[in-house]
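Report on one structure; see the data block that follows.
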Amino acid sequence: MPNIVRSVVLPVVFVAGVAVACGGTDTTAPSEDGGGNDAGSDGAGPVTDGTSPADGSRDATAITTPDAGSADDAACVLTETDAGTCNAIDVEGPMVAATCSMAEPPQAMGGVIEDGIYILQSFTYYGVCPTTPDIASTNWQICGNHWDVLQIDTDNADGGTFPPERFNFVTSVQSSTVEYTQTCGPMVTVGPRAYTATPGHLMFVYPDTTTPGRTFESVFVKQ
């Protein structure tokens, strides 16, 4: 997730990995476009927000986290779990088919990222088109520097969908770039992503590290 996380997120082609923090099984990670691949920073270790026990475990209930560094004034709520599923983000939003463009990709402008649920609206390949368009659904749950994601990819072989995949991250925003450290889920590679944030919208622009000359753009709308 489009692979968001793999080509992510989040389109992303996942790399084979091991379970991180909240559990999971060995798998390949997804992307925001349903089959791309992400360049990124692999991270490990539990999310630390002051509510977790010393051993890093979590109750399978909503976790309230102070809204630090975002546009919202009130505290936001995360639905992270310790049941091996990382989070309990609701399955919603359309299955989005990636498109292709030979124009120049948009330039990231940065901005204040609001807390909330963001749903994938469009995913675009710039520069090099794939032979088969990716189709995926991706939801980001953003609460300060805690970013959790749910992604559903289409199985191009039979037209069905794979089971939902869930991942949790902590992030660092520098200028117009977001960097990710994974804290839960099958290990994926999610590299730094340039972004533009406007009220109710979030756009990412980042290179496909496996296909020279290809750039991804994913656009999300706040629920």
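Residues V221 and Q121 share a closest heavy-atom pair of CG2-CG, 3.2 Å. Taking every heavy atom of both residues into account, L120 and F220 meet most closely at N-CD2, 3.3 Å. R166 and C86 get closest at one heavy-atom pair: O-SG, 3.7 Å. In plain terms, the two heavy atoms of I119 and N139 that are nearest each other are CG1-OD1, 3.7 Å.
Cluster annotation: V173 and Y118 are assigned to the same hydrophobic cluster (Ile/Leu/Val/Met/Phe/Trp/Tyr, side-chain heavy-atom contacts under 4.5 Å, transitive). At a threshold of 4.5 Å between side-chain heavy atoms, the hydrophobic network of Ile, Leu, Val, Met, Phe, Trp and Tyr places V219 and V205 in one connected group. Placement of L202 and V190 within a single hydrophobic cluster is found when ILVMFWY residues are connected by side-chain heavy-atom separations under 4.5 Å, directly or transitively.
For S176, the side-chain hydrogen bond (donor to acceptor under 3.5 Å, both in side chains) test picks out no residue, with sequence neighbours left out.
Put simply, OG1 on T177 and OH on Y206 are 13.5 Å apart, with the number rounded to the nearest 0.5 Å. To the nearest 0.5 Å, atoms CG (N87) and OG1 (T79) are separated by 5.5 Å. The CG atom of N145 sits 5.0 Å away from the OG1 atom of T171 when rounded to the nearest 0.5 Å. Considering CG of D134 and OH of Y125, their distance stands at 3.0 Å, rounded to 0.5 Å. Between I142 atom CD1 and K222 atom NZ the span is 9.5 Å, to the nearest 0.5 Å. Considering CZ of F167 and CD of Q182, their distance stands at 6.5 Å, rounded to 0.5 Å.
Using a 4.5 Å cut-off on side-chain heavy atoms (C-beta onward), Q141 and C76 make no contact. R193 has its side chain within reach of Y180: a pair of non-hydrogen atoms, C-beta onward, lies under 4.5 Å apart. A heavy-atom distance below 4.5 Å is found between the side chains of V178 and I113. Proximity of L150 to V91: side-chain heavy atoms (C-beta onward) are separated by under 4.5 Å at one or more points.
Classified by interplanar angle (parallel below 30°, tilted 30° to 60°, perpendicular above 60°), the ring pair F204/W140 is tilted.
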Atom pairs and distances, donor-acceptor, side-chain atoms in residues 92-110, under 3.5 Å, two or more places apart:
residue, atom, partner, partner atom, Å
E92, OE1, Q223, NE2, 2.5
E92, OE2, Q223, NE2, 3.2
T99, OG1, T124, OG1, 3.3
S101, OG, A103, N, 3.1

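Sorted by first then second residue, the side chain to side chain donor-acceptor pair (under 3.5 Å) pairs that include residues 195-205, not counting sequence neighbours, number zero.
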Run the side-chain contact (heavy atoms from CB on, under 4.5 Å) test on T183 and H146 for me, step by step, so that the C-alpha distance in whole Å, both residues' side-chain angles and the decisive distance to 0.1 Å come before the verdict.
CA-CA 10 Å; T183 61; H146 294 226; over 6 Å; no
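Side chain of D115 to backbone of G144: a donor-acceptor contact under 3.5 angstrom is found.
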